[in-house]
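Read the structure below first, then the notes.
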Amino acid sequence: MRTAPMCFSIFRVPRCRIHTLTNFWESFHSLGRDYGNTLQFRMLSSKSSGIEGGYSKRWTRRPITTKSEGNKTTQSSKPSQIYDESFNLKISASNTVNVNKTEINEIQRTQCFDIRQKIAEDKELAKLVTLIVFDIETTGFSRELERIIEIALLDLHGGKNSMFQTLVNPDKYVPNAHVHGISTDMVCRPDVPRMEELIPILKQYIKSREKPGGFVVFVAHNARSFDVPFLAKEFSRCCEKIPPNWLFLDTLPLAREMVKSGGLKLTSGLSLQALREYYGIPSTGSAHRAMSDVKLLSLILQRLTFDLKLPISGLVQKTFAASDLNTSKKKSSS
DNA sequence: GGCCCTCTTTAGGGCCTT
């Protein structure tokens, strides 16, 4: 009998210990100095007594009561509430009715820009950042024609439930199983959630990892050109919006920056695997499976940020919002 | 598709993502 391939489980999260974000970031970078050829990812996904927190005041992760069992999904809160509450938006109902979609995108874009500006001016705000490395597997490269079939996330603060991964039912044939090993039979099943079922769960999971009033930085390799537009397209198909307190960081430009500064001498390109080989990170798990790539990118991120001497505030300065992509698309097509 | 580089910008090729 085959078991359901859905891998995530979300339970009540215990009160977190108090650590400063500085401590977290120093610990994060110390891995880059110390790990050598040994994977020490366990420290990143440590128990609640490990690397955790980064907040100036005591807080408690909000419990998640959402459960997903096969194709049965229940939620403890309305998805429509998540959008506004996550960013403490104070836009009245009448305002949202009166502005058109372009104006809403502009408001979101401006707010994200303001966040990055404010962090540049006030480093204390960097303590409100939740860093999450993520990766998606898809049925192909075209976000118009293809679908997401796997999502994996890792909250770098660690603690319980710091990992989230699930297969996604694309409702279509998977032509590239030879790439990631995910076949049509594995995902086109009634017990594998579709995106429309998964998005509210995903939002709630992210909300449980946020600091109160804070924001989330999602990190992926080639995020600007692939992962984020793909994710945004899936949200759009489901008539969902990416919360405005979600920012995105692409590690590909960071690698280019390292090459440009002479700190990275790569002859085999800037792919995830090329960076893995350069940094001497052992190959573990299946390449092109979402969580394996997430764990690998976590290690590469710590090396890149350490080598570039990037504090979190500097990292946030390099982020972009999903609405930024819409803006650039308009510009290029006009 | 977006970004970067160059034998460039009035362009095109290559890389990166699955």
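Reminder, nothing fancy here: chain letters follow the sequence lines and each chain counts from 1. Only this structure's heavy atoms are used, side chains among them; waters, hydrogens and symmetry mates stay out.
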If you take the centroid of each ring, where Trp contributes its six-membered ring, are F218(A) and W246(A) closer together than 6.0 Å?
yes
For a quick check of understanding: with a heavy-atom distance under 4.0 Å over all strands, which category does N176(A) fall into, base, sugar-phosphate or nothing?
base
Nearest-nucleotide 5' precedence on DNA chain B, S225(A) against L272(A):
S225(A)
Going by 5.5 Å between centroids and 30° between planes, is there a stack of F141(A) over dT17(B)?
yes
Measuring from the side chain of H288(A) (C-beta onward, heavy atoms only), which nucleotide among dG2(B), dT17(B), dT18(B) has the closest atom?
dT18(B)
In whole Å, what is the span from the CD atom of E150(A) to the C1' atom of dT17(B)?
15 Å
Could you check which of dG1(B), dT18(B), dC3(B) has an atom nearest any side-chain atom of R143(A)?
dG1(B)
Does a nitrogen or oxygen in the side chain of R256(A) sit under 4.0 Å from OP1 or OP2 of dC3(B)?
no
Please report, rounded to the nearest Å, how far the C1' atom of dT6(B) is from the NZ atom of K260(A).
13 Å
Rounded P spacing from dC7(B) to dC15(B) in Å:
16 Å
Check every strand shown and say whether D293(A) touches a base, only sugar-phosphate, or nothing at a heavy-atom separation below 4.0 Å.
sugar-phosphate
Report which part of the nucleic acid I149(A) touches: base, sugar-phosphate, or nothing (heavy-atom distance under 4.0 Å, all strands).
nothing
Per nearest nucleotide of DNA chain B, the residue lying toward the 5' end, P253(A) or Q273(A), is P253(A)
Going by an N to O cut-off under 4.0 Å, is there a salt bridge joining E257(A) and K260(A)?
no
Rounding to the closest angstrom, what is the interatomic distance between dC3(B) and dT9(B) at atom C1'?
15 Å
Return the value, rounded to whole Å, for the distance between atom CG of N222(A) and atom P of dC3(B).
10 Å
When rounded to the nearest Å, what value does the distance between C1' atoms of dT8(B) and dG13(B) take?
12 Å
Just to verify, what does E196(A) make a salt bridge (charged side-chain N to carboxylate O under 4.0 Å, His left out) with, not counting sequence neighbours?
none
If you only use heavy atoms from C-beta on, which nucleotide in dT18(B), dC3(B), dG1(B) is closest to the side chain of H180(A)?
dT18(B)
Given the C1' atoms of dC4(B) and dT17(B), what is the spacing between them in whole Å?
16 Å
Whole-Å distance separating the CD1 atom of I151(A) from the P atom of dT18(B):
13 Å
For side-chain contact (heavy atoms from CB on, under 4.5 Å), just list the numbers for F320(A) and V228(A), CA-CA rounded to whole Å, side-chain angles, deciding distance to a tenth of an Å, and then say yes or no.
CA-CA 10 Å; F320(A) 60 94; V228(A) 179; 3.9 Å; yes
Verdict with supporting geometry, H180(A) and I149(A), side-chain contact (heavy atoms from CB on, under 4.5 Å)
CA-CA 10 Å; H180(A) 36 56; I149(A) 51 174; 3.4 Å; yes
